[in-house]
Amino acid sequence: MGIIQSIWPGTTKPLDGKCINLELINMKKVLVVGGGGREHAIVDALSRSPQVGKIFCAPGNAGMTDIAECVPIKDVQVEELKAFAIENQIDLTVVGPEASLARGIVDTFKEAGLRIYGPSKAAATIESSKDFAKALMAKYNVPTAAYKTFEDYDEALAYVKAGSFPVVLKYDGLAAGKGVTIPETLEQAEADLKDMLLDNRFGKGKVVIEEFLTGPEFSFMCFVDGEEVVPMELSQDHKRAFDGDKGPNTGGMGAYTPLPFITEADYAEAMEKVLKPVAAAMVAEGCPFTGTLYGGLMKTADGVKVIEFNCRFGDPETEVILPRLDSDIYDVFSAVADGTPIPALNWSKEPAIGFVMASKGYPGDYEKGHAIEGLETLKADPSIRVFHMGTAAKDGKIVTAGGRVLMVVARAASLKEAHSKALAAVESIKCDNLFYRRDIGHWAL
Ligand code: AMP
Ligand code: GLY
């Protein structure tokens, strides 16, 4: 937000739309949908655009109020978001969460003539239905684990009994990251299948049963517009709660970029055998993808294979990737929204690493409302970013308000330095109810 800095040097205080008529000086008004760390990172990247004059975020979070105006509309209130965009003459809307996309926010906005970045409801099926994604990969020969889909509990159980362990069970629908289990025994598999197919824990649906693959996982996100695929840098998420990849699965406890263990040949294989063919397949199937296509990939002994696709930016990967983007992200979002060529991207060579600070008890039950101290001091260091994932403002203080609370990201000349810097920043944050992993990046360090 160049103009803003020239008016208030050294600050990034957003302009009140009433003070300066943004249309007159042709500064853009952007609406970001969502309110977690991922959306905070998107808002942060947009705030660096010299074209962007005002950012709204719905519902936003307590950490971004110095660069965006939070709007009390939930990410799934599509009609309300549309009305807000029309009323406030928003130039471009950027969608974070899959829930908004699966509800067709992009279709609704486009029908109303509004510019929006994200996939249509039909294209979002690549994430919302595991069965759709697996069938697409099978049809277009995209490498992935062997699988079979079941609706009937007895048939599913018979298939599992005939196979080997561990086996991978995936509920075929959005399940807030909790729809995948990897039972090691028949007993456990039986219980999980009963949960998903008889007790309908996530609703009535199908289960995809997959072959268990091994190897390091990595996240490959691309800006996609039909057959045009522009890759972002690679990153890796850490899904388990505790050091040494122990404990329950979480939404992600940290991430880093780039990945030294992915060779140029692996990268080319991922682009040529996965990302580009899948983008082309979506066009051929009549549901061209526009937005961020996220390939959750694994480097196996038999080559790169797909674990999952997401139809949106990854969380927490986005929080380490976007701080490395030196190009103007408004141009990228605009190009995809308008169907014009996506500009070439410039990436900082500096690695970035981020530690998630989560409420004690997460991913199970946890308390809210614990005060967090030490955030102001970190704002002075331009190589550090603190993205808020689940906080609230209360009596002039920032307090915990979610399972994952903060993500502290540092950039430095090497991954090792970035690790030390991020860890020191994490340790300087005082709160009596947070925990974090210390070994983020261990695959690379
Ligand atoms: P998903 O939601 O499909 O990404 O699955 C969640 C996690 O389960 C992944 O990040 C992997 O760690 C693991 N997983 C999923 N599918 C497989 C598979 N076929 N083989 C081994 N691990 C898997
Ligand atoms: N980090 C995994 C995801 O965004 O789904």
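Whatever order the structure lists ligands and atoms in, that order sets their numbers, starting from 1. Count residues from 1 along the sequence.
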Can the ring centroids of Y267 and F220 be said to lie less than 6.0 angstrom from one another? yes

Under 4.0 Å from any heavy atom of D237, which atoms of ligand 2 are there? 1 (N), 2 (C)

Side chain, backbone, both or neither: which part of Y294 has a heavy atom under 4.0 Å from ligand 2? side chain

T290 and D225: side-chain donor and acceptor closer than 3.5 Å? no

Checking the N or O distance criterion of under 3.5 Å, is ligand 2 in contact with N310? yes

Which option, K170, E211, E308, owns the non-hydrogen atom nearest atom 4 (O) of ligand 1? E308

If you take the nearest heavy atom of each of K130, E217, E127, which one is closest to atom 9 (C) of ligand 1? E217

Is it the case that E127 and Y294 place a side-chain donor and acceptor less than 3.5 Å from each other? no

Lys/Arg N to Asp/Glu carboxylate O, K148 vs E211, below 4.0 Å: no

Do Y171 and F202 have ring centroids that are under 6.0 Å from one another? yes

Against heavy atoms of V168, which atoms of ligand 1 measure under 4.0 Å? 16 (N), 17 (C), 18 (C), 19 (N), 20 (N)

Is L213 close to ligand 1, meaning an N/O of one under 3.5 Å from an N/O of the other? yes

Below 4.0 Å, non-hydrogen atoms only: which portion of R312 touches ligand 2? Side chain, backbone, both or neither. side chain

Would you please indicate if the ring centroids of H419 and F355 are separated by under 6.0 Å? yes

Once you restrict to heavy atoms under 4.0 Å, what part of I182 touches ligand 1? Side chain, backbone, both or neither. side chain

Full working for salt bridge (Lys or Arg N to Asp or Glu O under 4.0 Å) between E308 and K130: CA-CA 8 Å; E308 66 163 343; K130 302 262 185 207; 3.8 Å; yes

